[in-house]
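Below: one structure, written as structure tokens.
Numbering of ligands and ligand atoms starts at 1, following listing order. Keep in mind the model is a prediction, meaning the values are calculated, not measured. The chain is numbered in sequence order, starting from 1.
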Amino acid sequence: MQQTLFITGAGRRLGKVLAEFGLAQGHRVIAHYHSHCELDPHPNLICLQADLADPASVQRLANEVNALGPVDRFIHNASCFVPDNKADDLSVHFDRHFHVHVLAPALLVEAMPWAPHAAMTAISDIYADIPNQRFAVYCASKAALQNWSLSMAQRLAGKVRVNVIQPGPIQFLPEHDDAYRQKVLSQSLIPHELGYDAIVQACEYLHTSPAVTGTVMRVDGGRFVANRYDQTFLSL
Ligand SMILES: NC(=O)c1ccc[n+]([C@@H]2O[C@H](COP(=O)([O-])OP(=O)(O)OC[C@H]3O[C@@H](n4cnc5c(N)ncnc54)[C@H](OP(=O)(O)O)[C@@H]3O)[C@@H](O)[C@H]2O)c1
């Protein structure tokens, strides 16, 4: 049966792959994007632009989604990943991360026209549970997303199942050099880039498993339980 998927940050990278997977399954996909959308046009695809760091823009997006009717699956994937030392202004840096990671899904969920038996998945990070002094604000805001999501699992129980995925190194960013990539992969039990499909599979499992809610699922190649003492970014 055709379902409606709403995915944030679906203009490129993982979000785009999740949207393409949903379309290939015959679902209707509402793809939120920020700066640009690399998805090819499709009859079942609706693309909506919003800056999730701006609450007014999020509210407009929430109204647009609401007008499109019931949502079966919501994936909050959008994310910003800025090291603290690149922040011009600490307040702006905090606001941007907490708005994109936590306030945006909170505003969206409040206005969401849930279909019966709906499911939500929040994409967090294994660094929600591991401090990282270079990315302290990113880590804190992903931890907040995770905790907020589990509260939503309680609040929406019986109506929406809510789960969290903690990816490990699924796809490096272009700015990550070879030394960084090798260091990160050497700290995993499965020492290669896991690829977007690992998260697509995990989302599919969580969305189609009626007994699963309030779960935090690591999809990290064993990075969390690898030798934690080596997991420092100080030397990178
Ligand atoms: N890649 C990895 O190895 C890895 C590891 C751990 C966790 N994760 C998590 O997995 C998810 C997907 O990873 P990814 O690497 O594909 O993410 P990404 O490319 O860093 O970001 C995902 C999307 O978020 C959007 N975004 C950023 N700022 C925004 C804003 N202010 N308003 C609206 N959208 C905004 C980006 O759009 P624009 O580019 O247009 O700004 C982008 O399309 C993220 O939640 C990430 O934290 C990824």
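Using a 4.0 Å cut-off between heavy atoms, Ala50 contacts ligand 1 through its backbone alone, with no side-chain atom that close. Heavy atoms from both the backbone and the side chain of Asn77 come within less than 4.0 Å of ligand 1. Contact annotation for Leu52 and ligand 1: heavy atoms of both the backbone and the side chain come within less than 4.0 Å of the ligand.
Taking only nitrogen or oxygen atoms, main chain and side chain alike, Leu14 reaches within less than 3.5 Å of ligand 1. Considering backbone and side-chain N/O of Tyr196, none are found under 3.5 Å from N/O of ligand 1. Considering both main-chain and side-chain atoms, Cys80 never comes within under 3.5 Å of ligand 1 through any nitrogen or oxygen pair. Considering backbone and side-chain atoms alike, Gly11 places every N or O at 3.5 Å or more from each N or O of ligand 1.
For ligand 1, the atoms lying closer than 4.0 Å to a non-hydrogen atom of Ile123 are 9 (C), 10 (O), 11 (C), 45 (O). Atoms of ligand 1 lying under 4.0 Å from any heavy atom of Pro169, numbered from 1 in the order shown and given with element: 3 (O).
The protein heavy atom nearest to atom 37 (O) of ligand 1 is His34 CB, 3.6 Å. Atom 8 (N) of ligand 1 has its closest protein heavy atom at Pro167 CG, 3.9 Å.
The backbone N or O of Val29 lies less than 3.5 Å from no partner atom in the side chain of His27, so there is not a single donor-acceptor pair. Counting only distance, with no hydrogens or angles, the side chain of Asp72 and the backbone of Ala115 share no donor-acceptor pair below 3.5 Å.
Residue His32 holds the heavy atom nearest to atom 33 (C) of ligand 1 of all those in Arg96, His32, Arg12. For atom 28 (N) of ligand 1, the nearest non-hydrogen atom from the set Ala53, Ala78, Ser79 belongs to Ser79.
Within the structure, the closest approach of Lys142 to ligand 1 falls below 4.0 Å when heavy atoms are considered. Residue Ser57 places no heavy atom under 4.0 Å from ligand 1. Residue contacts with ligand 1: Tyr138 is included, with a non-hydrogen atom under 4.0 Å away. Ligand 1 lies out of reach of Ala10, whose nearest heavy atom is not under 4.0 Å from it.
Aromatic pair Phe81/Phe135: ring centres closer than 6.0 Å.
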Using the side-chain hydrogen bond (donor to acceptor under 3.5 Å, both in side chains) rule, take Gln3 and Gln25 through it: C-alpha gap first, then chi angles, then the decisive distance, then the call. CA-CA 9 Å; Gln3 299 195 336; Gln25 287 191 314; over 6 Å; no
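Note on Leu39 and Val17: same hydrophobic cluster, where clusters join Ile, Leu, Val, Met, Phe, Trp and Tyr whose side-chain heavy atoms are under 4.5 Å apart, directly or indirectly.
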